[in-house]
Structure formats: structure tokens, C-alpha cells
Amino acid sequence: MKSITVNASKTYLVEVGKGLLPTVGARIAQLLPPPRKIMLVSDDTVASLYAKAVLTSLQEAGYTVFSFVFPHGEASKNTDTLIDLWNTMAEKGLSRSDIAVALGGGVVGDITGFAAATYLRGIACYQIPTTLLAMVDSSVGGKTAVDLPHGKNLCGAFSQPIGVLCDTDVLKTLPDDIYADGCAEVIKYGYLGDPTLLSWLENSFESDSARVIARCIADKRDLVQEDEHDNGNRQLLNLGHTGGHAVERLSNFTISHGSAVAIGMLLAAKAAVARGICPPNVPLHMEQTLRRYRLPTVCPYTAEQLAEAALSDKKRRGDRITLILPTDLGKSALFPVLTNDLASLFAAGGAPQ
Ligand code: NAD
Ligand code: GLY
């Protein structure tokens, strides 16, 4: 098993390994010992696969456990589900000393984290991510949120979990497309700042996923510790996301987040070469890596379409947006640019005109 310590406004452990689900009760008991109430939150797909093992472990450790299950998918990450969850916590009499446990992908993790951050002005939240994306990204770092009709993650809070448990065995039941989405985020860590990870990714990591997942988490930990509230280098985690979000929106979300980020990363790398800040081997290397993990590399939208869609990006500040551009293999930097320049940058990145 691998352990990563995150020292942010809270200090907590992220544990990664095989066969960890049945140990969750004992692990939480070391942090906040029973008797206490736990609200176990999951979506219907994940609950049918893994809730029993987690519930049994929590009960055997001495907790009183209640369950809240909602339909899987991004459409559930809304204020209706949040209010149902708050009400269920109140109905079951959860107090300040009780705990919310998120068992699922990023949707479950984000909504549970936000409910826990706000119920009674904050109760503890423990994360058990079950997708590759949630293990390497959303469960760590304390960003919690729900979507509003106006856009994704528009309402949320920074609130660090008390612990994170990644049982890599659960990745075996992930559909291929959801696994590939996670691979795009793993690859992102390599190009934003980890050349060693890039060398590891030359071979499939499925048989030794804990090593790669722990490496990504350690990379994210370093950025979160430096810039917990996302005003500086934490934004490096957005590599590929300005173009990616534009692609997602233009496709009406029929192109998955991971596929869109893959396209966005390559646009960024090619634009960086065109602007003379990155050597040309970087996009070539990136294209090969993305293909190896069966991710798309061709942008189906024009530079003008992308620029217009990027204007509604949360990262925009007035007439500027901070782009993350690769500057070498395994190195990237923040570049504030004028929104008026976006179309020419996307065109330089190879988007059709
Ligand atoms: P998700 O939570 O919707 O999970 C994807 C699908 O996989 C769901 O249908 C789920 O039921 C299913 N699933 C989950 N685990 C499974 C398993 N082990 N076996 C079989 N099926 C399983 O999506 P996601 O990709 O995990 O997360 C995306 C969300 O994460 C978005 O809402 C995004 O905004 C958020 N996010 C948050 C952060 C953050 O820092 N908080 C970072 C990145 C993404
Ligand atoms: N997923 C981006 C962040 O946590 O900052």
C-alpha cells in the first residue's frame, strides 16, 4: 500500500492499494472513533457493486450507518440532490461530530464534500473514490461543488476531507470509456510537471496502477499545499481544460470530459510551439501518448467556435484568461492571455479555421 500525506488546511492521508475497501471502518475509527453516525453516500451503480462491503466494514467498526443513494451521472450533481442529502442528514439526526462518507466517482465525491462542508456549518467527510479520475484528481485537494443550470461546479466550497481511500480493485468494473477519461487526467500530470511519470506511461499501467495513481496524487498534493485556494500554480492542473471545456460544451457533452481534455492538451501544446515557447517534440510525444491510451487527438471544432465557447469559462477574469501551456517535456506554465487572442491561439494549436 502507498500513503501520501496532504498538509493543507487539514492534514490527511491518501491511501492507495488493492483490497482496501473492507478496511475502511478500522481506518476511519483511527481518525474519529465510534460511537458516531455515518451517512454513506453513493450513486446507484456504485452502491450496487460496493456499498455492502463498505457498510459492513463501518458497522463492524462500531458506527451507526445510514445510506443515501442517488441516480448515477452528472445530471444528479445539482441542488435538488444536495437538498435531499442535507434533509436526510437532518432527519437521521447527524450532529457536528458525525461523518459523511463518499463512495463513488467525482460526482458523488463533489456533492458529498459540499453537503458535508455546509451541513451544520461543516462536518467531517471521508472520500472513497471509485473512478480513476476521482482517485487521481477530484477526491484530493478539497474542491467540492454542485452544478447550477448556468454551468458546472458554480456553487461550492474548499473543504478538505479527513482521509481518502483508493482501492484499486474497484477499477476492474469501470467501463472502458470512463477508465479512458481517467487516463487523460493521469497523462495531464505528466505534461504539466512530471517527466518521470511520462516515462512510466510508455507502458500500460493497469497491472501496477497503485504506483501511477499515488504518483499523480503526490503531484497534486504538492500543488495543493503550495496554493490551496487556486490563485497560482494549482491552476497548472487545468492543462488542457480551457480547450477541453470548450469542446465539451460545443459537443453538448456528447464528447466525454477526458476525451475533451486530451484534445485540449494537444491544442495547448501545438499553440505553445507556434508561439515559440515550447520545443516541437512535445506535441509529437503527447500525440503518441494520447493514442496509446485510446484518446482522441483531432479537434472537431473551428478556432472561432472554441474561442466563443471558452468565453463562458469560469477561469476568465474580465478580458483575460489564464492558459496553461507546455514549455518542455514534463513542464508547463501559466500564461494570462487576452480573450481576443484565443481564436488565433486555438488556430495555432491546429483547430480548423
Ligand atoms: P462519475 O462520478 O459520474 O462516474 C462516472 C460513472 O462511473 C458513473 O456512472 C458511476 O456510476 C460509474 N462508476 C463509478 N465507479 C465505478 C466503478 N468502480 N465501477 C463501475 N462503475 C463505476 O464521474 P467521474 O468521471 O468520476 O467524475 C466527474 C466529476 O468529477 C465531474 O462532476 C467533475 O466536475 C468532477 N471533478 C471534480 C474535481 C475536484 O477537484 N473536485 C476534479 C475533477 C473532476
Ligand atoms: N481539479 C483541479 C483542482 O483540483 O484544482
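Numbering of ligands and ligand atoms starts at 1, following listing order. Every value quoted in this text rests on a predicted model; they were computed, and no experiment measured them.
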Closest contact, heavy atoms only, P326 versus M286: CG-CE, 4.3 Å

Shell of residues surrounding ligand 2, defined by a 4.0 angstrom heavy-atom cut-off that is strict: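 These residues qualify: D137, K143, K220, R234, L237.
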
From E228, Q160, H229, residue fulfilling side chain to side chain donor-acceptor pair (under 3.5 Å) relative to S9: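 Only one of E228, Q160, H229 forms a side chain to side chain donor-acceptor pair (under 3.5 Å) with S9, namely E228.
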
K152, NZ atom: more than 12 neighbouring heavy atoms under 6.0 Å: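 Atom NZ in K152 is crowded, with more than 12 foreign heavy atoms closer than 6.0 Å.
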
What are the distances between nitrogen or oxygen atoms of ligand 1 and protein nitrogen or oxygen atoms, counting only those under 3.5 Å?
unit_1, atom_1, unit_2, atom_2, d
ligand 1, 2 (O), G106, N, 3.1
ligand 1, 2 (O), V107, N, 3.0
ligand 1, 11 (O), D43, OD1, 3.2
ligand 1, 11 (O), D43, OD2, 2.8
ligand 1, 15 (N), T130, O, 3.3
ligand 1, 15 (N), T130, OG1, 2.7
ligand 1, 18 (N), T130, O, 3.0
ligand 1, 18 (N), V170, O, 3.0
ligand 1, 18 (N), T173, OG1, 3.4
ligand 1, 19 (N), T173, O, 3.4
ligand 1, 19 (N), T173, OG1, 2.7
ligand 1, 26 (O), G106, N, 2.8
ligand 1, 26 (O), T131, OG1, 2.6
ligand 1, 27 (O), G106, N, 3.2
ligand 1, 32 (O), E74, OE1, 2.6
ligand 1, 32 (O), E74, OE2, 3.3
ligand 1, 32 (O), K77, NZ, 2.8
ligand 1, 34 (O), K77, NZ, 3.1
ligand 1, 34 (O), N153, ND2, 3.2
ligand 1, 41 (N), D110, OD1, 2.9
ligand 1, 41 (N), K143, O, 2.9

R27 and E15 ion-paired at < 4.0 Å: yes

R215 and D194 ion-paired at < 4.0 Å: yes

Aromatic ring pairing H245/H241, orientation class (parallel under 30°, perpendicular over 60°, tilted between): perpendicular

Donor-acceptor under 3.5 Å (S57 side chain, P22 main chain): yes

Any donor-acceptor N/O pair, Q305 side chain to T302 backbone, under 3.5 Å: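 Such a contact is found between Q305 side chain and T302 backbone.
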
Polar side chain donor-acceptor pair, T289 to Y191, under 3.5 angstrom: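 Distance-only check passes for T289 and Y191.
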
